[in-house]
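Scroll down for the structure; my scribbles are underneath it.
Per chain, numbering begins at 1; letters A, B, ... match sequence-line order. What you are looking at is a predicted structure, and each value in this text was computed from that prediction instead of being measured.
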Amino acid sequence: MSYEALPHRFAGRTPIAAARDAHETLEAGAGSGTTYRLAGRVLGRRGQGKAVFCDLEDRTARIQLLGSADELADEAFAALKGVSLGDIVGVEGELIRSRRGELTLRLTGYQLLTPCRLPLPDTFHGLKDVEARYRQRHLDLMVTPESRERFAVRSRIISSLRRFLDDRSFLEVETPVLQPLYGGAAARPFVTHHNALGRDLYLRIAVELYLKRLIVGGMERVYEIGKNFRNEGVSFKHNPEFTMLETYEAYADYHDVMAMTEQMVAQAALDALGTTVVVVRGESVDLAPPWRRLSLGEAIGAACGVNPLEGARDEAGLRAVLAADGVDTSRDRTWAALVDHMLSHYVEPHLNEPTFLVDYPVELSPLSRAMPADPTLTERFEAFCGGMEIANGYSELNDPDEQHARFEEQAAFGRAGDDEAHPIDEDYVHALGYGMPPTGGLGVGIDRVAMLLTGASSIREVVLFPAMR
RNA sequence: GGGCCGUUAGCUCAGCUGGUAGAGCAGGGGACUCUUAAUCCCAAGGUCGUAGGUUCGAUCCCUACACGGCCCA
(Lines give C-alpha, C1' and ligand atoms only; values in the text may rest on other atoms or scores of the structure.)
Protein backbone atom coordinates (compact mmCIF):
# COMPACT_ATOMS: atom_id res chain seq x y z
CA MET A 1 0.00 0.00 0.00
CA SER A 2 1.47 3.28 -1.12
CA TYR A 3 0.92 6.12 1.31
CA GLU A 4 1.07 8.58 -1.59
CA ALA A 5 -2.17 7.17 -2.98
CA LEU A 6 -3.99 7.67 0.33
CA PRO A 7 -6.27 10.67 0.89
CA HIS A 8 -4.86 13.80 2.50
CA ARG A 9 -8.14 14.73 4.14
CA PHE A 10 -11.62 13.45 4.87
CA ALA A 11 -14.17 16.25 4.82
CA GLY A 12 -17.64 16.54 6.23
CA ARG A 13 -17.38 13.95 8.97
CA THR A 14 -19.70 13.79 11.95
CA PRO A 15 -18.47 12.72 15.39
CA ILE A 16 -19.80 9.22 16.02
CA ALA A 17 -21.45 10.22 19.30
CA ALA A 18 -23.42 12.96 17.51
CA ALA A 19 -24.69 10.50 14.90
CA ARG A 20 -25.64 8.00 17.60
CA ASP A 21 -27.35 10.58 19.80
CA ALA A 22 -29.54 11.74 16.92
CA HIS A 23 -31.02 8.25 16.44
CA GLU A 24 -31.17 6.66 19.88
CA THR A 25 -34.88 5.91 19.46
CA LEU A 26 -34.59 4.21 16.07
CA GLU A 27 -36.32 0.81 16.11
CA ALA A 28 -34.63 -2.49 15.31
CA GLY A 29 -34.67 -3.19 11.58
CA ALA A 30 -35.51 0.43 10.72
CA GLY A 31 -33.55 2.94 8.66
CA SER A 32 -33.13 6.60 9.65
CA GLY A 33 -33.06 7.98 6.12
CA THR A 34 -30.06 10.07 7.23
CA THR A 35 -26.62 9.74 5.68
CA TYR A 36 -23.42 10.33 7.63
CA ARG A 37 -19.73 10.49 6.91
CA LEU A 38 -17.73 8.99 9.79
CA ALA A 39 -14.03 8.43 10.29
CA GLY A 40 -11.96 6.61 12.88
CA ARG A 41 -10.07 3.46 13.71
CA VAL A 42 -11.42 -0.05 13.03
CA LEU A 43 -11.29 -1.99 16.31
CA GLY A 44 -13.48 -4.96 15.52
CA ARG A 45 -14.26 -7.00 12.44
CA ARG A 46 -16.70 -9.81 11.77
CA GLY A 47 -16.58 -11.09 8.20
CA GLN A 48 -19.58 -12.60 6.49
CA GLY A 49 -18.39 -13.22 2.97
CA LYS A 50 -20.47 -10.80 0.98
CA ALA A 51 -21.25 -8.76 4.10
CA VAL A 52 -18.66 -7.34 6.47
CA PHE A 53 -19.29 -5.98 9.97
CA CYS A 54 -16.77 -3.67 11.61
CA ASP A 55 -16.62 -1.58 14.74
CA LEU A 56 -15.46 1.97 14.08
CA GLU A 57 -14.24 4.13 16.95
CA ASP A 58 -13.43 7.82 17.07
CA ARG A 59 -12.71 10.07 20.02
CA THR A 60 -16.38 10.27 20.92
CA ALA A 61 -17.88 6.80 20.54
CA ARG A 62 -17.96 3.47 18.76
CA ILE A 63 -20.39 2.32 16.10
CA GLN A 64 -20.95 -0.76 13.97
CA LEU A 65 -20.43 -0.61 10.20
CA LEU A 66 -22.12 -2.93 7.73
CA GLY A 67 -20.65 -3.18 4.26
CA SER A 68 -22.30 -5.42 1.71
CA ALA A 69 -21.45 -6.32 -1.86
CA ASP A 70 -24.91 -5.08 -2.88
CA GLU A 71 -24.40 -1.48 -1.82
CA LEU A 72 -20.68 -0.85 -2.14
CA ALA A 73 -18.81 -0.48 -5.40
CA ASP A 74 -16.71 -3.56 -6.17
CA GLU A 75 -13.47 -1.71 -5.52
CA ALA A 76 -14.65 -0.30 -2.19
CA PHE A 77 -16.02 -3.67 -1.08
CA ALA A 78 -12.75 -5.38 -1.95
CA ALA A 79 -10.89 -2.74 0.05
CA LEU A 80 -13.23 -3.23 3.02
CA LYS A 81 -12.69 -7.00 2.94
CA GLY A 82 -8.97 -6.32 3.27
CA VAL A 83 -9.32 -4.05 6.30
CA SER A 84 -7.04 -4.79 9.28
CA LEU A 85 -7.73 -4.11 12.91
CA GLY A 86 -6.34 -0.69 13.64
CA ASP A 87 -6.77 0.73 10.15
CA ILE A 88 -8.02 4.30 10.00
CA VAL A 89 -10.89 4.59 7.55
CA GLY A 90 -13.46 7.06 6.26
CA VAL A 91 -16.97 5.81 5.51
CA GLU A 92 -20.33 7.07 4.34
CA GLY A 93 -23.79 5.56 4.56
CA GLU A 94 -27.25 5.52 6.07
CA LEU A 95 -27.61 5.13 9.79
CA ILE A 96 -29.89 2.18 10.55
CA ARG A 97 -30.60 -0.12 13.45
CA SER A 98 -29.81 -3.76 12.68
CA ARG A 99 -32.32 -6.55 13.17
CA ARG A 100 -30.41 -7.42 16.33
CA GLY A 101 -30.86 -3.87 17.59
CA GLU A 102 -27.38 -2.43 17.01
CA LEU A 103 -27.03 1.11 15.66
CA THR A 104 -25.18 0.59 12.39
CA LEU A 105 -23.95 2.60 9.44
CA ARG A 106 -24.93 0.79 6.22
CA LEU A 107 -22.05 1.73 3.96
CA THR A 108 -22.34 3.24 0.52
CA GLY A 109 -18.76 4.48 0.61
CA TYR A 110 -15.53 3.17 2.15
CA GLN A 111 -11.99 4.52 1.98
CA LEU A 112 -8.79 3.46 3.70
CA LEU A 113 -7.22 6.65 5.07
CA THR A 114 -4.20 5.21 6.89
CA PRO A 115 -3.25 1.58 7.37
CA CYS A 116 -2.16 0.13 10.69
CA ARG A 117 0.88 -1.92 9.78
CA LEU A 118 1.63 -3.32 13.23
CA PRO A 119 -0.45 -5.78 15.23
CA LEU A 120 -2.70 -4.18 17.81
CA PRO A 121 -2.80 -5.40 21.42
CA ASP A 122 -5.53 -7.90 22.19
CA THR A 123 -8.69 -5.85 21.65
CA PHE A 124 -10.65 -7.92 24.14
CA HIS A 125 -8.26 -8.07 27.10
CA GLY A 126 -6.69 -4.71 26.33
CA LEU A 127 -3.15 -3.76 27.29
CA LYS A 128 -2.59 -5.14 30.81
CA ASP A 129 1.16 -4.68 31.03
CA VAL A 130 1.52 -1.46 33.02
CA GLU A 131 4.99 -0.79 31.72
CA ALA A 132 3.83 -1.12 28.11
CA ARG A 133 0.92 1.25 28.83
CA TYR A 134 3.35 3.95 30.02
CA ARG A 135 6.11 3.41 27.48
CA GLN A 136 3.72 3.13 24.51
CA ARG A 137 0.98 5.51 25.57
CA HIS A 138 -0.36 5.62 21.99
CA LEU A 139 -1.32 1.95 22.32
CA ASP A 140 -2.80 2.48 25.77
CA LEU A 141 -4.97 5.33 24.50
CA MET A 142 -6.03 3.25 21.51
CA VAL A 143 -7.30 0.27 23.47
CA THR A 144 -8.00 1.56 27.00
CA PRO A 145 -11.10 3.78 27.10
CA GLU A 146 -10.59 4.46 30.83
CA SER A 147 -7.18 5.90 30.06
CA ARG A 148 -8.59 8.23 27.40
CA GLU A 149 -11.26 9.38 29.85
CA ARG A 150 -8.71 9.98 32.60
CA PHE A 151 -6.75 12.36 30.39
CA ALA A 152 -9.95 14.05 29.24
CA VAL A 153 -10.79 14.68 32.91
CA ARG A 154 -7.33 16.10 33.47
CA SER A 155 -7.81 18.46 30.54
CA ARG A 156 -11.20 19.60 31.87
CA ILE A 157 -9.67 20.22 35.32
CA ILE A 158 -7.04 22.53 33.86
CA SER A 159 -9.53 24.48 31.75
CA SER A 160 -11.79 24.82 34.80
CA LEU A 161 -8.94 26.21 36.90
CA ARG A 162 -8.09 28.71 34.16
CA ARG A 163 -11.72 29.77 33.85
CA PHE A 164 -12.04 30.18 37.61
CA LEU A 165 -9.00 32.44 37.81
CA ASP A 166 -9.72 34.35 34.60
CA ASP A 167 -13.23 35.10 35.92
CA ARG A 168 -11.62 36.65 39.00
CA SER A 169 -9.34 38.96 36.99
CA PHE A 170 -6.15 36.96 37.47
CA LEU A 171 -3.65 37.39 34.63
CA GLU A 172 -1.99 34.27 33.29
CA VAL A 173 1.75 34.81 32.93
CA GLU A 174 4.83 32.89 31.87
CA THR A 175 8.10 33.08 33.79
CA PRO A 176 11.48 31.46 33.12
CA VAL A 177 11.93 27.71 33.21
CA LEU A 178 15.70 28.21 33.02
CA GLN A 179 16.73 30.18 36.08
CA PRO A 180 20.10 31.53 37.24
CA LEU A 181 19.07 30.65 40.81
CA TYR A 182 16.33 28.28 41.90
CA GLY A 183 13.95 28.86 44.78
CA GLY A 184 10.39 28.80 46.07
CA ALA A 185 10.44 25.24 47.40
CA ALA A 186 12.55 22.82 49.38
CA ALA A 187 13.95 20.58 46.65
CA ARG A 188 17.06 19.65 44.72
CA PRO A 189 17.16 21.13 41.21
CA PHE A 190 18.27 19.87 37.82
CA VAL A 191 21.26 21.79 36.51
CA THR A 192 21.90 22.53 32.86
CA HIS A 193 24.35 24.69 30.96
CA HIS A 194 23.91 27.58 28.57
CA ASN A 195 26.73 27.51 26.06
CA ALA A 196 26.52 31.06 24.72
CA LEU A 197 26.15 32.62 28.17
CA GLY A 198 28.86 30.31 29.45
CA ARG A 199 27.05 29.54 32.68
CA ASP A 200 25.00 26.93 34.44
CA LEU A 201 21.28 27.39 34.78
CA TYR A 202 18.71 25.58 36.92
CA LEU A 203 15.40 24.15 35.80
CA ARG A 204 12.83 25.77 38.03
CA ILE A 205 11.56 23.94 41.12
CA ALA A 206 8.79 26.56 41.57
CA VAL A 207 7.67 29.82 40.01
CA GLU A 208 7.00 31.57 43.31
CA LEU A 209 9.80 34.13 43.46
CA TYR A 210 9.17 35.34 39.90
CA LEU A 211 5.42 35.70 40.41
CA LYS A 212 5.97 37.73 43.56
CA ARG A 213 8.24 40.07 41.62
CA LEU A 214 5.21 40.64 39.39
CA ILE A 215 3.16 41.50 42.46
CA VAL A 216 5.85 44.03 43.42
CA GLY A 217 5.48 45.37 39.88
CA GLY A 218 1.77 45.98 40.42
CA MET A 219 0.15 43.14 38.48
CA GLU A 220 -1.93 42.45 41.61
CA ARG A 221 -3.40 39.09 40.55
CA VAL A 222 -1.30 36.61 38.57
CA TYR A 223 -1.13 32.91 37.98
CA GLU A 224 0.97 30.44 36.07
CA ILE A 225 0.34 26.82 35.12
CA GLY A 226 3.44 24.96 34.10
CA LYS A 227 6.04 22.31 34.66
CA ASN A 228 8.34 22.27 37.66
CA PHE A 229 11.36 19.98 37.89
CA ARG A 230 12.67 18.38 41.06
CA ASN A 231 15.69 16.13 41.08
CA GLU A 232 14.30 13.56 43.49
CA GLY A 233 13.03 10.03 43.62
CA VAL A 234 9.96 8.84 41.78
CA SER A 235 7.04 7.31 43.63
CA PHE A 236 3.32 6.81 43.20
CA LYS A 237 2.90 10.54 43.85
CA HIS A 238 6.18 11.97 42.51
CA ASN A 239 7.27 12.48 38.91
CA PRO A 240 10.51 14.45 38.33
CA GLU A 241 8.61 16.91 36.17
CA PHE A 242 5.13 17.79 37.30
CA THR A 243 2.51 20.42 36.68
CA MET A 244 1.88 23.15 39.20
CA LEU A 245 -0.53 26.02 39.41
CA GLU A 246 0.63 29.03 41.41
CA THR A 247 -1.51 32.09 42.13
CA TYR A 248 -0.71 35.36 43.91
CA GLU A 249 -3.30 37.87 45.00
CA ALA A 250 -2.41 41.28 46.41
CA TYR A 251 -4.26 42.49 49.52
CA ALA A 252 -5.28 38.94 50.49
CA ASP A 253 -4.05 36.70 53.32
CA TYR A 254 -3.91 32.95 53.80
CA HIS A 255 -7.52 32.75 54.99
CA ASP A 256 -8.64 34.28 51.69
CA VAL A 257 -6.42 31.86 49.82
CA MET A 258 -7.84 28.84 51.67
CA ALA A 259 -11.36 29.96 50.79
CA MET A 260 -10.39 30.35 47.16
CA THR A 261 -8.62 26.98 47.09
CA GLU A 262 -11.58 24.98 48.35
CA GLN A 263 -13.94 26.77 45.96
CA MET A 264 -11.61 26.34 43.01
CA VAL A 265 -10.98 22.63 43.53
CA ALA A 266 -14.68 21.95 44.14
CA GLN A 267 -15.51 23.84 40.94
CA ALA A 268 -12.91 21.83 39.01
CA ALA A 269 -14.54 18.63 40.26
CA LEU A 270 -17.96 19.90 39.18
CA ASP A 271 -16.68 20.91 35.75
CA ALA A 272 -14.66 17.75 35.17
CA LEU A 273 -16.96 15.15 36.77
CA GLY A 274 -20.31 16.82 37.36
CA THR A 275 -20.05 16.19 41.11
CA THR A 276 -17.92 17.21 44.08
CA VAL A 277 -18.05 13.70 45.49
CA VAL A 278 -15.10 11.49 44.63
CA VAL A 279 -14.05 8.04 45.77
CA VAL A 280 -10.64 8.15 47.39
CA ARG A 281 -8.93 4.95 48.51
CA GLY A 282 -12.30 3.24 48.76
CA GLU A 283 -13.94 6.04 50.71
CA SER A 284 -16.45 8.55 49.37
CA VAL A 285 -15.26 12.09 49.97
CA ASP A 286 -16.99 15.42 49.32
CA LEU A 287 -14.78 18.26 48.07
CA ALA A 288 -17.50 20.90 48.54
CA PRO A 289 -16.46 23.78 50.85
CA PRO A 290 -15.81 24.29 53.65
CA TRP A 291 -12.87 21.97 54.20
CA ARG A 292 -11.77 21.00 57.68
CA ARG A 293 -9.10 23.22 59.25
CA LEU A 294 -6.64 21.83 61.81
CA SER A 295 -3.49 23.27 63.29
CA LEU A 296 -0.37 21.38 62.28
CA GLY A 297 0.90 21.06 65.85
CA GLU A 298 -2.39 19.69 67.17
CA ALA A 299 -2.72 17.28 64.25
CA ILE A 300 0.71 15.80 64.93
CA GLY A 301 0.04 15.82 68.67
CA ALA A 302 -3.22 13.95 68.24
CA ALA A 303 -1.53 11.33 66.07
CA CYS A 304 1.59 10.57 68.13
CA GLY A 305 1.05 12.20 71.53
CA VAL A 306 3.66 14.94 71.13
CA ASN A 307 2.88 18.41 69.79
CA PRO A 308 6.25 19.55 68.42
CA LEU A 309 5.17 23.18 68.20
CA GLU A 310 4.52 23.54 71.93
CA GLY A 311 7.38 24.73 74.09
CA ALA A 312 11.02 24.83 73.07
CA ARG A 313 12.42 23.40 69.82
CA ASP A 314 13.43 19.96 71.11
CA GLU A 315 15.28 18.26 68.27
CA ALA A 316 16.45 15.29 70.33
CA GLY A 317 12.97 14.79 71.77
CA LEU A 318 11.34 14.60 68.32
CA ARG A 319 14.02 12.27 67.09
CA ALA A 320 13.30 9.99 70.05
CA VAL A 321 9.55 9.97 69.31
CA LEU A 322 10.14 8.96 65.70
CA ALA A 323 12.83 6.44 66.61
CA ALA A 324 10.46 4.82 69.13
CA ASP A 325 8.14 4.10 66.21
CA GLY A 326 10.94 2.61 64.14
CA VAL A 327 11.38 5.59 61.83
CA ASP A 328 14.85 6.25 60.41
CA THR A 329 15.69 9.91 61.12
CA SER A 330 19.32 9.77 60.06
CA ARG A 331 18.69 12.00 57.07
CA ASP A 332 16.73 14.63 59.04
CA ARG A 333 19.41 17.19 59.84
CA THR A 334 17.31 19.84 61.57
CA TRP A 335 14.40 20.28 63.96
CA ALA A 336 12.31 21.50 61.01
CA ALA A 337 13.10 18.39 58.99
CA LEU A 338 11.92 16.26 61.93
CA VAL A 339 8.62 18.15 62.13
CA ASP A 340 8.17 17.64 58.41
CA HIS A 341 8.94 13.95 58.87
CA MET A 342 6.35 13.70 61.67
CA LEU A 343 3.79 15.32 59.41
CA SER A 344 4.43 12.92 56.56
CA HIS A 345 4.63 9.88 58.85
CA TYR A 346 1.87 10.39 61.40
CA VAL A 347 -0.63 12.70 59.76
CA GLU A 348 -0.54 12.95 55.98
CA PRO A 349 -1.38 9.30 55.14
CA HIS A 350 -4.53 9.51 57.28
CA LEU A 351 -5.95 12.73 55.84
CA ASN A 352 -8.42 11.25 53.41
CA GLU A 353 -11.03 14.01 53.57
CA PRO A 354 -10.01 17.43 52.29
CA THR A 355 -8.24 19.16 55.16
CA PHE A 356 -6.23 22.33 55.65
CA LEU A 357 -3.39 22.03 58.12
CA VAL A 358 -2.49 25.54 59.29
CA ASP A 359 0.12 27.47 61.26
CA TYR A 360 3.47 26.01 60.22
CA PRO A 361 6.73 26.64 62.08
CA VAL A 362 8.82 29.46 60.73
CA GLU A 363 11.84 27.21 60.16
CA LEU A 364 9.79 25.15 57.69
CA SER A 365 8.33 28.15 55.90
CA PRO A 366 11.06 30.61 54.89
CA LEU A 367 8.82 32.60 52.53
CA SER A 368 5.74 32.89 54.78
CA ARG A 369 4.71 35.74 56.99
CA ALA A 370 4.91 35.16 60.75
CA MET A 371 1.80 35.15 62.94
CA PRO A 372 1.59 38.35 64.98
CA ALA A 373 0.54 36.46 68.10
CA ASP A 374 3.36 33.89 67.85
CA PRO A 375 6.34 34.69 65.61
CA THR A 376 7.58 31.09 65.80
CA LEU A 377 4.62 30.16 63.58
CA THR A 378 3.62 31.41 60.14
CA GLU A 379 0.35 32.10 58.36
CA ARG A 380 0.73 29.06 56.17
CA PHE A 381 -1.47 26.12 55.19
CA GLU A 382 -1.18 22.93 53.27
CA ALA A 383 -4.23 21.18 51.82
CA PHE A 384 -4.41 17.39 51.99
CA CYS A 385 -6.80 14.90 50.48
CA GLY A 386 -6.55 11.20 49.74
CA GLY A 387 -3.45 10.98 51.92
CA MET A 388 -1.54 13.45 49.74
CA GLU A 389 -0.59 17.09 49.84
CA ILE A 390 -2.45 18.79 47.02
CA ALA A 391 -1.87 22.48 47.77
CA ASN A 392 0.26 24.87 49.79
CA GLY A 393 -0.27 28.55 50.48
CA TYR A 394 0.47 31.42 52.78
CA SER A 395 0.42 35.07 53.59
CA GLU A 396 3.57 36.12 51.77
CA LEU A 397 6.51 37.45 53.70
CA ASN A 398 7.06 40.97 52.35
CA ASP A 399 9.61 42.37 54.82
CA PRO A 400 12.96 42.38 52.96
CA ASP A 401 15.05 42.38 56.14
CA GLU A 402 13.12 39.48 57.62
CA GLN A 403 13.31 37.66 54.26
CA HIS A 404 17.06 38.11 54.24
CA ALA A 405 17.31 36.73 57.76
CA ARG A 406 15.20 33.70 56.76
CA PHE A 407 17.48 33.03 53.80
CA GLU A 408 20.48 33.24 56.13
CA GLU A 409 18.84 30.67 58.40
CA GLN A 410 18.23 28.44 55.37
CA ALA A 411 21.88 28.79 54.41
CA ALA A 412 22.79 27.60 57.90
CA PHE A 413 20.53 24.56 57.41
CA GLY A 414 22.32 23.96 54.14
CA ARG A 415 25.69 24.01 55.90
CA ALA A 416 24.22 21.57 58.44
CA GLY A 417 23.64 19.13 55.58
CA ASP A 418 20.10 19.93 54.42
CA ASP A 419 20.46 19.64 50.65
CA GLU A 420 16.92 20.95 50.14
CA ALA A 421 17.55 24.26 51.93
CA HIS A 422 16.80 27.48 50.01
CA PRO A 423 19.73 29.33 48.49
CA ILE A 424 20.03 33.01 49.34
CA ASP A 425 18.36 35.08 46.61
CA GLU A 426 19.67 38.63 47.01
CA ASP A 427 17.97 39.77 43.83
CA TYR A 428 14.59 38.73 45.22
CA VAL A 429 15.24 40.47 48.54
CA HIS A 430 16.17 43.58 46.61
CA ALA A 431 12.86 43.43 44.73
CA LEU A 432 10.98 43.22 48.03
CA GLY A 433 12.73 46.45 49.01
CA TYR A 434 10.50 48.30 46.56
CA GLY A 435 7.45 47.13 48.50
CA MET A 436 5.26 44.10 47.92
CA PRO A 437 1.69 44.67 49.10
CA PRO A 438 0.24 42.20 51.58
CA THR A 439 -0.28 39.16 49.40
CA GLY A 440 -1.73 35.67 49.57
CA GLY A 441 -0.08 32.96 47.48
CA LEU A 442 -0.99 29.42 46.49
CA GLY A 443 0.51 26.40 44.79
CA VAL A 444 -1.64 23.50 43.60
CA GLY A 445 -0.27 20.17 42.38
CA ILE A 446 -2.30 19.60 39.25
CA ASP A 447 -1.22 15.98 38.89
CA ARG A 448 -2.33 15.26 42.45
CA VAL A 449 -5.71 16.89 41.86
CA ALA A 450 -6.06 14.83 38.68
CA MET A 451 -5.27 11.67 40.69
CA LEU A 452 -7.92 12.64 43.20
CA LEU A 453 -10.62 13.32 40.63
CA THR A 454 -9.90 10.24 38.52
CA GLY A 455 -9.35 7.82 41.38
CA ALA A 456 -5.85 7.08 40.07
CA SER A 457 -3.54 5.42 42.58
CA SER A 458 -0.37 6.44 40.72
CA ILE A 459 0.74 9.76 39.26
CA ARG A 460 1.81 7.78 36.20
CA GLU A 461 -1.84 7.24 35.36
CA VAL A 462 -2.43 10.98 34.99
CA VAL A 463 0.85 11.96 33.29
CA LEU A 464 0.77 11.10 29.59
CA PHE A 465 4.45 10.23 29.34
CA PRO A 466 5.72 9.52 32.86
CA ALA A 467 9.42 9.27 33.64
CA MET A 468 10.64 5.69 33.28
CA ARG A 469 14.07 4.33 34.00
C1' G B 1 17.50 2.17 50.49
C1' G B 2 14.80 -2.71 52.23
C1' G B 3 11.16 -6.78 51.47
C1' C B 4 7.86 -9.55 48.36
C1' C B 5 6.12 -10.67 43.41
C1' G B 6 6.65 -10.59 38.16
C1' U B 7 9.35 -10.83 33.10
C1' U B 8 7.40 -17.20 27.98
C1' A B 9 4.85 -15.36 20.33
C1' G B 10 2.69 -8.43 18.57
C1' C B 11 -1.27 -8.82 22.90
C1' U B 12 -3.67 -11.91 27.01
C1' C B 13 -1.99 -16.14 29.37
C1' A B 14 -0.75 -21.85 30.21
C1' G B 15 3.66 -24.77 30.79
C1' C B 16 3.44 -30.73 36.57
C1' U B 17 8.75 -33.67 39.86
C1' G B 18 14.54 -30.55 35.39
C1' G B 19 14.03 -33.92 29.40
C1' U B 20 15.30 -27.15 24.55
C1' A B 21 7.53 -24.78 24.53
C1' G B 22 1.41 -24.48 24.01
C1' A B 23 -3.59 -21.94 23.59
C1' G B 24 -6.81 -17.78 22.37
C1' C B 25 -6.73 -13.17 19.94
C1' A B 26 -3.95 -10.25 16.37
C1' G B 27 -1.07 -10.78 11.60
C1' G B 28 -0.92 -14.20 6.42
C1' G B 29 -4.06 -17.61 3.00
C1' G B 30 -9.12 -19.60 2.24
C1' A B 31 -14.95 -20.29 3.23
C1' C B 32 -19.30 -17.64 4.81
C1' U B 33 -25.06 -11.68 3.10
C1' C B 34 -27.54 -9.53 10.32
C1' U B 35 -22.61 -10.50 12.80
C1' U B 36 -21.13 -8.23 17.47
C1' A B 37 -15.12 -11.70 22.24
C1' A B 38 -18.71 -14.16 15.07
C1' U B 39 -17.60 -19.15 13.29
C1' C B 40 -14.86 -22.89 10.33
C1' C B 41 -10.25 -24.72 7.54
C1' C B 42 -4.81 -24.07 6.38
C1' A B 43 0.05 -22.25 7.09
C1' A B 44 3.41 -19.26 9.86
C1' G B 45 5.11 -17.08 14.27
C1' G B 46 9.94 -18.05 20.25
C1' U B 47 17.88 -16.13 22.03
C1' C B 48 11.49 -18.50 27.57
C1' G B 49 14.43 -10.42 30.46
C1' U B 50 20.31 -10.60 30.49
C1' A B 51 24.87 -12.96 32.18
C1' G B 52 26.97 -16.74 34.87
C1' G B 53 26.54 -21.44 37.80
C1' U B 54 24.75 -26.58 39.12
C1' U B 55 23.46 -30.83 35.90
C1' C B 56 24.28 -35.86 30.97
C1' G B 57 20.39 -32.19 30.15
C1' A B 58 17.65 -25.76 32.64
C1' U B 59 11.67 -21.84 30.77
C1' C B 60 11.92 -24.78 35.50
C1' C B 61 17.07 -25.12 40.59
C1' C B 62 21.11 -21.36 42.39
C1' U B 63 23.74 -16.39 42.02
C1' A B 64 24.21 -11.58 40.06
C1' C B 65 22.24 -7.81 37.12
C1' A B 66 18.27 -5.11 34.24
C1' C B 67 13.28 -3.49 33.90
C1' G B 68 8.39 -3.30 36.10
C1' G B 69 4.50 -3.83 40.07
C1' C B 70 3.05 -3.82 45.27
C1' C B 71 4.38 -2.86 50.33
C1' C B 72 7.80 -0.56 53.85
C1' A B 73 11.45 3.48 54.77
Pairwise C1' distance, B:C16 and B:C61 [rounded to whole Å]: 15 Å
Between B:G24 and B:C60 - P atom distance, rounded Å: 26 Å
Between B:C4 and B:U63, how far apart are the two P atoms, rounded to whole Å? 11 Å
N/O (side chain, A:Arg46) to phosphate O (OP1/OP2, B:A38) under 4.0 Å: yes
For A:Asp418, is there an ion pair with A:Arg333 - N to carboxylate O distance below 4.0 angstrom? no
Value in whole Å for how far the P atom of B:A37 lies from CG of A:Leu85: 14 Å
Using purine N1 to pyrimidine N3 plus N6-O4 or O6-N4 for Watson-Crick, or N1-O2 and O6-N3 for G-U wobble, both under 3.5 Å, which nucleotide pairs with B:A23? B:U12
In whole angstroms, the gap separating C1' of B:A9 from CG of A:Leu120 amounts to 16 Å
Checking A:Arg188 against A:Asp419 for the salt bridge (Lys or Arg N to Asp or Glu O under 4.0 Å) test, could you report, in this order, the C-alpha distance in whole Å, the side-chain angles of both residues, the deciding distance, and whether it holds? CA-CA 7 Å; A:Arg188 293 209 306 268; A:Asp419 55 9; 3.1 Å; yes
Using a cut-off of less than 4.0 Å, is there contact between a side-chain N or O of A:Ser84 and OP1 or OP2 of B:G28? yes
Respond yes when some side-chain nitrogen or oxygen of A:Arg331 is under 4.0 Å from OP1 or OP2 of B:G1, and no when none is. no
Answer yes or no: does a side-chain N or O of A:Arg106 lie under 4.0 Å from OP1 or OP2 of B:C34? no
Rounded to whole angstrom, note down the P distance from B:G30 over to B:G18. 47 Å
Could you say whether A:Ala69 or A:Lys128 is positioned toward the 5' end of RNA chain B, judged by the nucleotide with the nearest heavy atom to each? A:Lys128
How many Å lie between CG on A:Leu139 and P on B:G10, as a whole number? 13 Å
Are A:Arg293 and A:Phe356 in a cation-pi setup, meaning NZ or CZ lies under 6.0 angstrom from the ring centre and within 45 degrees of the ring axis? no
Determine the contact category for A:Phe236: base if any of its heavy atoms lies under 4.0 Å from a base atom, sugar-phosphate if only primed atoms, P, OP1 or OP2 are that close, otherwise nothing. nothing
Nucleotide nearest A:Gln64 (side chain, heavy atoms from C-beta), chosen from B:A37, B:G68, B:U36: B:U36
Any idea which of B:U33, B:A26, B:C11 is nearest the A:Pro121 side chain? B:C11
Output yes when at least one side-chain N/O atom of A:Arg45 is less than 4.0 Å from OP1 or OP2 of B:A38, else no. no
Determine, for A:Glu57 against A:Arg41, whether the closest basic-nitrogen to carboxylate-oxygen distance falls under 4.0 angstrom. no
Rounded to whole Å, how long is the line connecting atom CZ of A:Arg135 with atom P of B:G49? 17 Å
Say you pick atom C1' in B:U17 and the same atom in B:G69; how far apart are they, in whole Å? 30 Å
Tell me the partner of B:A64, counting only Watson-Crick (N1-N3 plus N6-O4 or O6-N4) or G-U wobble (N1-O2 and O6-N3) with both under 3.5 Å; none if nothing fits. B:U50
Between A:Tyr36 and A:His23, does the ring centroid distance fall short of 6.0 Å? yes
Pick base, sugar-phosphate or nothing for A:Val52, based on heavy-atom distances below 4.0 Å to the nucleic acid. nothing
Tell me which nucleotide, if any, is Watson-Crick or G-U wobble paired with B:C4 when both distances must be under 3.5 Å. B:G69
Report yes if a donor N or O on one partner sits less than 3.5 Å from an acceptor N or O on the other, where the partners are the side chain of A:Asp122 and the base of B:G10; otherwise report no. no
May I ask you to decide whether A:Glu146 forms a salt bridge with A:Arg150, counting only side-chain N to carboxylate O separations under 4.0 Å? no
How close or far is atom C1' of B:U33 from atom CZ of A:Phe53, stated in whole angstroms? 8 Å
Of all the choices, B:G68, B:A37, B:U36, which nucleotide is nearest to the side chain of A:Phe124 once you look at every atom? B:A37
Against the side chain of A:Leu127, the closest entry in B:C11, B:U33, B:C34 is B:C11
Round to the nearest Å and state the distance from A:Gln48 atom CD to B:A31 atom P. 14 Å
Sticking with atom P, work out how far B:A9 lies from B:U50, rounded to a whole angstrom. 11 Å
Quiz item: cation-pi between A:Arg369 and A:Tyr394, 6.0 Å / 45°: no
Please name the nucleotide paired to B:U39 by Watson-Crick or G-U wobble geometry with both distances under 3.5 Å, or report none. B:A31
Considering only the P atoms, how many Å lie between B:U47 and B:G57, rounded to the nearest integer? 23 Å
Take the protein atom CZ of A:Arg41 and the nucleotide atom P of B:A26, then report the distance between them rounded to whole Å. 17 Å
Please give the distance between the C1' atoms of B:U59 and B:G22 as a whole number of Å. 13 Å
Looking at B:U7, does its base get a donor-acceptor pair with the side chain of A:Asp129 below 3.5 Å? no
5' priority, RNA chain B, between A:Val130 and A:Thr123 [closest heavy atom]: A:Thr123
Nearest whole angstrom, please: distance from the C1' of B:G2 to the CG of A:Asp328. 11 Å
With a 4.0 Å cut-off on heavy atoms, is A:Gly47 in touch with a base, just the backbone sugar-phosphate, or nothing at all? base
Heavy-atom check, side chain of A:Glu382 versus side chain of A:Glu348, under 4.5 Å: no
